[in-house]
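Read through the structure below, which is laid out as structure tokens, and then see the notes.
In what follows, chains carry the letters A, B, and so on, assigned in the order in which the sequence lines appear, proteins first and then strands, with residues in each chain numbered from 1.
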Amino acid sequence: MTVARLGRSFFDRPTRIVARQLIGCELWTRDPGVERGVRIVETEAYVGRDEANHANRGMTRRNRSMFGAPGTLYVYRIHRVVCANVVTRPGQAVLIRAGEPLGGTRELWAGGPGRLCRALGITIADDGTDAAAGARIRFRPWRRRPRAIVSGPRIGISRAVERPLRFAEAGSRYVSSPRPWAGSAGKRPTSA
DNA sequence: GAAAAGATTACCT
DNA sequence: GGTAATCTTTTCC
């Protein structure tokens, strides 16, 4: 019997472990008449004592969801798009950066955190919802085992830029660029 | 109260 | 490869 969804205990673990193990898993949203899903191919971990973490300076109006139970969604707005994260330990979360469309998505392309949210219909209204138990959004275990998983520096940040907390499925064409396995100098790709 | 800074993306040359 | 768009939150005075 397969597990229907990833529950609380999956998320209540060290953030980088969760970020790595989410590769290949699926993220589904449900709206009246539509189910939309992607197979996750790229994530980033935002951990404790991390200058790039929105919660690094404690709780604020924006990041309060990051202190919710494991499995809580933290959705925030940046420029004109939103990005979705799932909480692990208090003040820590995994950013879902890219996915491979499975069905129902409006977009044929879910590469990049903003596009992924748009493809799944995730909005700022989903901030704080419980993806470990709630009805609208859930994570499912992988059905197709991911290939090798690679790691590299996170994207688009200006602090703690060197930490290899970005994870991706090796070779996936759905991963946003730069691709960790491309191996350009200074990117320090490593197998993870 | 004002100013700066984004965990991005699309479009420019 | 570079930069403008765009607007909320955060931070500083």
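- To the nearest 0.5 Å, the span separating OG1 on A/T43 from CD on A/Q21 amounts to 11.0 Å.
- In this structure, A/R13 is positioned above the aromatic face of A/F10, its NZ or CZ under 6.0 Å from the six-membered ring centre and within 45° of the axis.
- When the side-chain nitrogen and oxygen atoms of A/S158 are compared with OP1 and OP2 of B/dG6, one or more of them lie within a distance under 4.0 Å.
- Between A/D130 and A/R8, at least one side-chain nitrogen of the basic residue sits less than 4.0 Å from a carboxylate oxygen of the acidic one, meeting the salt-bridge criterion.
- Closest approach of A/R89 and A/T15 over heavy atoms only: N-OG1, 4.5 Å.
- Hydrophobic clustering, with ILVMFWY side chains joined whenever heavy atoms are under 4.5 angstrom apart, groups A/M66 together with A/M59.
- Protein atom CG of A/D127 is 15 Å distant from nucleotide atom P of B/dA7, rounded to whole Å.
- Taking every heavy atom of both residues into account, A/G111 and A/A98 meet most closely at CA-CB, 3.9 Å.
- Atom C1' of nucleotide C/dT8 and atom NE2 of A/H54 are separated by 12 Å, given to the nearest angstrom.
- Shortest non-hydrogen contact noted between A/L73 and A/F139 is CD2-CE1, 4.3 Å.
- The minimum heavy-atom distance linking A/L95 with A/P113 is given by the pair CD1-CB, 4.2 Å.
- Atom CG of A/L6 and atom CZ of A/F11 lie 5.0 Å apart (nearest 0.5 Å).
- In summary, of the residues considered (A/T129, A/V86, A/N85, A/V87), a side chain to side chain contact (heavy atoms under 4.5 Å, CB included) with A/T72 occurs for A/V87 alone.
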When you compare the protein's N or O atoms with those of nucleotides 11-13 of chain B, which come within less than 3.5 Å of each other, and at what distance?
none

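- Residues from residues 67-82 of chain A that place a heavy atom under 4.0 Å from any atom of DNA chain C, listed by number: A/R77, A/H79, A/R80.
- On the P atoms, C/dC12 is 16 Å away from B/dA7, given to the nearest whole Å.
- Between the CD1 atom in A/I157 and the NE2 atom in A/H54 there is a gap of 9.5 Å [rounded to 0.5 Å].
- A cation-pi arrangement is not found for A/R39 relative to A/Y174, the charged atom failing to lie both closer than 6.0 Å to the ring centre and inside a 45° cone about the ring normal.
- If you take CD1 of A/I124 and P of C/dC7, they are 14 Å apart, rounded to a whole angstrom.
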Contact list (N/O, under 3.5 angstrom) for nucleotides 1-4 of chain B vs protein:
none

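- Nearest heavy atom pair, residue A/I155 against residue A/P178, reads CD1-CD, 3.7 Å.
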Note, DNA chain C 5' to 3' with Watson-Crick or G-U pairs under 3.5 Å encoded as ( ), [ ], | and . gives |||||.||||||.
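- Contacts with DNA chain B (heavy atom under 4.0 Å) in residues 83-91 of chain A: A/C83, A/N85, listed by number.
- A/R136 has a carboxylate O that lies under 4.0 Å from a charged side-chain N of A/D31, or vice versa, which qualifies the two as a salt bridge.
- The residue from A/R143, A/R5, A/R144, A/R138 that alone fulfils the side-chain hydrogen bond (donor to acceptor under 3.5 Å, both in side chains) condition with A/E26 is A/R143.
- Rounded to a whole Å, the CZ atom of A/R97 is 11 Å from the P atom of B/dA7.
- With rounding to whole Å, A/L95 atom CG is found 16 Å from B/dG6 atom P.
- With rounding to the nearest 0.5 angstrom, the OG atom of A/S151 is 11.5 Å from the CD atom of A/E44.
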Where do N or O atoms of nucleotides 9-13 of chain C meet protein N or O atoms at under 3.5 Å, pair by pair?
from   : atom 1 : to    : atom 2 : distance (Å)
C/dT10 : OP1    : A/T60 : OG1    : 2.1
C/dT10 : OP1    : A/R62 : N      : 3.1

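- For A/R30, the CZ atom sits in a loose shell: 12 or fewer heavy atoms of surrounding residues, nucleotides or ligands are nearer than 6.0 Å.
- The CZ-P distance, from A/F167 to B/dA7, rounds to 19 Å in whole Å.
- Put simply, A/I124 and A/L120 are part of the same group of oily side chains (I, L, V, M, F, W, Y) that touch within less than 4.5 Å, one to the next.
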